[in-house]
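For reference, the structure is listed below as structure tokens.
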Amino acid sequence: MLKQFKNFTRALRIPSSEERETAYLNGAIDRIDLEYRQRQIDRGLFRKNY
């Protein structure tokens with residue numbers, strides 16, 4: 001029962017901005033796309049506080 005609860009809470013956890021940035025960078029197709037994505041992150045794409 002405790003294991004199921006831990007799995008459930010992990011599924012509902014919101015990823016941190018670092019995790020989202022890493023996933024975004026890992027989705028790059030080539031070097032040019034990777035550089036574009038790095039510039040977007042440097043400009044604060046995932047760091048905006050609403």
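Quick caveat: nothing in here was measured; it's all calculated off a predicted structure. All residue numbers refer to positions in the sequence shown, counting from 1.
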Q) Residues in ring-ring contact (aromatic ring centres under 6.0 Å, His included) with Tyr24, at least two apart? A) Phe46

Q | Gln40: partners by side chain to side chain donor-acceptor pair (under 3.5 Å), with sequence neighbours left out | A | Tyr36

Q.
Going by the rule side chain to side chain donor-acceptor pair (under 3.5 Å), which residues pair with Ser17 if we only count those two or more places apart in sequence or in a different chain?
A. Arg47

Q | For Arg39, salt bridge (charged side-chain N to carboxylate O under 4.0 Å, His left out) partners two or more places apart | A | none

Q | Test salt bridge (charged side-chain N to carboxylate O under 4.0 Å, His left out) applied to Arg31 - qualifying residues, sequence neighbours left out | A | Glu35

Q. Atom CD1 of Ile41 and atom CD of Glu18: how far apart are they, to the nearest 0.5 Å?
A. 10.5 Å

Q.
Nearest 0.5 angstrom please: Arg20 CZ to Leu45 CG, how far?
A. 9.0 Å

Q) For Gly27 and Asp33, which heavy atoms make the closest approach, and how far apart are they? A) O-OD2, 4.1 Å

Q: Enumerate the residue pairs fulfilling salt bridge (Lys or Arg N to Asp or Glu O under 4.0 Å) with a member in residues 1-16, sequence neighbours excluded, ordered by first and then second residue.
A: Arg13-Glu19

Q.
Please determine whether the number of non-hydrogen atoms from other residues, nucleotides or ligands lying under 6.0 Å from atom CG of Leu12 exceeds 12.
A. yes

